[in-house]
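Input: a single structure, listed below in structure tokens.
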Amino acid sequence: MAKSEQSDLTAFLLSTYWVQMLSKGARERALADSYDRIYDVKDVVAREGEPASSWIGVVDGLLKVSSVTASGKSIMFTAIPKGSWVGEGSVIKREPRRYDITALRTTRAIHLPRPTFMWLLETSVEFSRYIIDHLNERAGQFIAMLEVARIADPAGRVAGALCNLFNPVLYPKARPLVNISQEELGELAGFSRATTNAAIAKLRKLDLVRTEYGGILVLDVDRLRAFVQSVGMEDHLPEKK
DNA sequence: GCATTAACACGTA
DNA sequence: TACGTGTTAATGC
């Protein structure tokens, strides 16, 4: 972990939607109180069970939100790409973190300390509204994920996991090239690497994605979404014999 | 049947 | 050298 240039941090915050929504005074306090850290691959940003002392935003890089089961298996809930924020739930509830947040690659993350976060929540209607939208979107995403997990085949579930990274509210700065390995994508969808690889091969044949070393290029997010839906719909069609 | 594990060859940073 | 990809045979639920 290391400290970094203050000017970059300010520029990033000023390009962030919720910062732009703030009044001048609130914005000045938010900028003054936040600090950033650089994490190497596998560095821990926040640990499950620890007090939630800040709200976390990604300036650059990729974070992994996950938990470890009793049997030692890692369950990945979501990835947090640049421009996205995570961890407000535990900050608001004053509860210990419910999951680990670790760096999937070198990542610069901003921390907005809890007191500043709570002050913004209590004094700024704009900020409160932003947080409500954020929580709402997150809830919707997890419900959709559960639905896809129940009805879709591996290709559908992998496609669904990919689509989640393109939610415009949660991930406003997402780009079509997702720099995530197939192993990590498998962890997101809940599959082994072999199954994930076969699922990706299917998506590639359908011209929905292209693959490259350490990344996957989404050719058309809308078509990918439509594919996730269509896999689900098969259950509602008449039986083919 | 479908998914996982473990292994192998091969390519890339 | 360490990591990621693509594939397969054996194994398990």
Side-chain angles (χ1 to χ4, degrees), chain A residues 1-2 4 37-45 58-82 84 99-109 142-166 171 174-221 223-224 227-241:
Chain A
M1 265 174 262
S4 70
R37 291 282 182 275
I38 292 177
Y39 301 89
D40 286 330
V41 175
K42 290 179 183 166
D43 275 354
V44 175
V45 179
V58 176
V59 182
D60 206 3
L62 190 66
L63 297 180
K64 161 178 161 173
V65 177
S66 65
S67 201
V68 180
T69 65
S71 59
K73 266 200 171 177
S74 172
I75 300 180
M76 187 164 166
F77 299 114
T78 187
I80 309 292
K82 82 171 169 181
S84 313
Y99 39 70
D100 292 319
I101 302 176
T102 51
L104 280 176
R105 62 193 89 282
T106 303
T107 297
R108 181 187 304 182
F142 281 118
I143 286 172
M145 206 188 293
L146 193 56
E147 189 180 3
V148 168
R150 298 252 168 114
I151 60 183
D153 66 359
R157 280 169 61 182
V158 169
L162 260 180
C163 281
N164 279 342
L165 300 178
F166 288 90
Y171 312 125
R175 289 156 303 118
L177 175 62
V178 184
N179 286 298
I180 189 171
S181 74
Q182 297 189 0
E183 173 140 43
E184 289 157 359
L185 187 55
E187 229 185 294
L188 260 179
F191 285 121
S192 68
R193 193 170 69 78
T195 302
T196 305
N197 178 264
I200 290 170
K202 193 171 169 186
L203 298 179
R204 198 197 301 123
K205 280 203 187 80
L206 291 168
D207 274 323
L208 292 168
V209 302
R210 242 179 289 166
T211 51
E212 57 184 71
Y213 187 80
I216 184 161
L217 180 68
V218 175
L219 296 174
D220 186 334
V221 184
R223 279 184 58 228
L224 196 61
F227 174 74
V228 176
Q229 291 300 315
S230 72
V231 176
M233 288 306 289
E234 281 168 18
D235 284 355
H236 306 291
L237 294 172
E239 284 285 324
K240 297 178 271 195
K241 302 214 168 155

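Chain identifiers are assigned alphabetically (A, B, ...) following the order of the sequence lines, protein sequences preceding nucleic acid strands; residue numbering begins at 1 within each chain. Computation of the quantities below employed the complete heavy-atom set of this structure, encompassing side-chain atoms and omitting hydrogens, waters and symmetry-equivalent molecules.
Applying the side-chain hydrogen bond (donor to acceptor under 3.5 Å, both in side chains) rule to A:Y99 yields no partners; only residues at least two apart in sequence or on another chain are considered. Every residue meeting the side-chain hydrogen bond (donor to acceptor under 3.5 Å, both in side chains) condition with A:T78, not counting sequence neighbours, appears here in chain and number order: A:Y171. Checked against salt bridge (charged side-chain N to carboxylate O under 4.0 Å, His left out), A:R193 has no partners two or more places apart in sequence or in another chain. For A:V68, the side chain to side chain contact (heavy atoms under 4.5 Å, CB included) partners are A:D100, not counting sequence neighbours. Legend: residues meeting salt bridge (charged side-chain N to carboxylate O under 4.0 Å, His left out) with A:K202, ordered by chain and number and at least two apart, are A:D153. Considering only residues two or more places apart in sequence or on other chains, A:N179 meets the side chain to side chain contact (heavy atoms under 4.5 Å, CB included) condition with A:R105, A:R175, A:L177.
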#### Entry: Protein-to-nucleotide contact annotation, 5' to 3' order, nucleotides 3-13 of chain C [B base; S sugar-phosphate only; - none; under 4.0 Å, heavy atom]
BSBBBB-----
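The span of DNA chain B lying next to chain A, judged by atoms under 4.0 Å from heavy atoms, is bounded 5' to 3' by B:dA3 to B:dA13.
Residues in residues 209-221 of chain A take part in these side-chain hydrogen bond (donor to acceptor under 3.5 Å, both in side chains) pairs, two or more places apart or across chains: A:R204-A:T211.
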